Amino acid sequence: MNHKRQFNHDSLYSRLFARIYNPVMRSTELAHLLKKRKALLSEVRGKVLEIGVGTGANLPLYPAEAELLAIEPSSSMLKYARKLLESGSVRAKVQLMQAGIEDAQVAEATPDGGYDFIVSTLVLCTVPNQEAAIRQIRAWLKPEGRLLVLEHIQDGRQPHRWIQRAITPVWKHLGEGCHLDRPTDKLLKENGFRAVQEQYFTQWLPFYWAILEPVRR
Ligand SMILES: C[S@@+](CC[C@H](N)C(=O)[O-])C[C@H]1O[C@@H](n2cnc3c(N)ncnc32)[C@H](O)[C@@H]1O
């Protein structure tokens, strides 16, 4: 899997995006997302891959029993994740790698069937080729492994869905590749996953929270 990057993750705008990311997200995180993240990550053990770790919002929530490879293409976002690791507030064993899910270096470090858990929070809205990423995640999971997701998704209601589609071309540029209108929940199920637990909730945007297992072929 090798897709051309849509964004220069080291541009001036990317550095600004990384700098404002935590302050902009803070109130939504404290009011809503943090408890969803905790519910997703509290039982994680063993070999874990987190895609698009960003500034590291999940890192302090992993138990000490997790051994984590955390990948992130933006050096600007990684800088904040690295600072968090250095602050001593992370219990898990973490290796950070500057890479996107489609990059060869991730595949080289990641044998098929190698992970107990793969984590994606607010990332499948952004990866360049979502279906290819989901298929790759499935290949990297152990047969009994779990995919943990917290993602905003396409709105089922009208005119919300129409508005999402209309503003996504501009939003994508402001949000470093983020699409408002991806039906991530449906695509996960069409590409080899079944929900073990799932929740839908709306917090300005509609969100999908789920623990998913790979469907046996
Ligand atoms: C909205 S941020 C979410 C960060 C973090 N996961 C969180 O929950 O706060 C989306 C992240 O996905 C990363 N990303 C973009 N393209 C990616 C790719 N191809 N593979 C992995 N991560 C990617 C971005 O650089 C960014 O840090």
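No experiment lies behind these values; they were computed from the predicted model shown. Atoms within each ligand, like the ligands themselves, are counted from 1 in listed order.
E144 and R216 are not joined by a salt bridge, as no carboxylate oxygen comes within less than 4.0 angstrom of a charged side-chain nitrogen. D116 and K142 are joined by a salt bridge, as a carboxylate oxygen and a charged side-chain nitrogen come within less than 4.0 angstrom of each other. Between R37 and E29 there is a salt bridge, since at least one side-chain N of the basic residue sits less than 4.0 Å from a carboxylate O of the acidic one.
Between L147 and V119, the closest side-chain pair of non-hydrogen atoms is not below 4.5 Å.
When each of R45, K93, E67, E50 is tested with Y62 by the rule side-chain hydrogen bond (donor to acceptor under 3.5 Å, both in side chains), just one qualifies, namely E50.
Distances between N or O atoms of T121 and those of ligand 1 include at least one value under 3.5 Å. The distance criterion of under 3.5 Å between nitrogen or oxygen atoms is not met by T55 with respect to ligand 1. Below 3.5 Å of separation, one finds no N or O of T126 facing any N or O of ligand 1. In terms of polar-atom proximity, R37 is counted as a contact of ligand 1, with an N or O under 3.5 Å from an N or O of the ligand. For ligand 1, the polar-atom distance check finds no N/O of S74 at less than 3.5 Å from any of the ligand's N/O atoms.
Under a 4.0 Å criterion applied to the non-hydrogen atoms of V53, ligand 1 contributes the atoms 5 (C). Listed by number with element, the atoms of ligand 1 under 4.0 Å from a non-hydrogen atom of P128 are 19 (N). Proximity to L122 (heavy-atom distance under 4.0 Å) selects the following atoms of ligand 1: 1 (C), 2 (S), 3 (C), 10 (C). Of all the atoms in ligand 1, the ones that sit under 4.0 Å from a non-hydrogen atom of G54 are 4 (C), 27 (O).
Put simply, part of P73 is less than 4.0 Å from ligand 1, judged by heavy atoms. At least one heavy atom of V123 sits closer than 4.0 Å to an atom of ligand 1. Taking a 4.0 Å cut-off on heavy atoms, E176 fails to register as neighbouring ligand 1.
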Are E151 and R182 close enough, and set up right, to give a salt bridge (charged side-chain N to carboxylate O under 4.0 Å, His left out), and what steps lead you there?
CA-CA 10 Å; E151 299 284 348; R182 285 184 169 173; over 6 Å; no
Show your reasoning for whether ring pair (Phe, Tyr, Trp, His ring centres under 6.0 Å) applies to Y200 and F207.
CA-CA 6 Å; Y200 288 86; F207 278 87; over 10 Å; no
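The residue among M77, Q130, E72 with a heavy atom at the shortest distance from atom 25 (O) of ligand 1 is E72. Relative to atom 20 (N) of ligand 1, the option among I51, I101, V119, N58 with the closest non-hydrogen atom is I101. Scanning S14, A57, G52 for the heavy atom closest to atom 5 (C) of ligand 1 points to G52.
Tracing side-chain contacts under 4.5 Å through hydrophobic residues (I, L, V, M, F, W, Y), one never reaches V149 starting from V196; they form parts of separate clusters. The hydrophobic clustering, which links ILVMFWY residues whose side-chain heavy atoms are closer than 4.5 Å, places L40 and L68 together.
For I20, the side chain to side chain contact (heavy atoms under 4.5 Å, CB included) criterion is met by L16, V24, not counting sequence neighbours.
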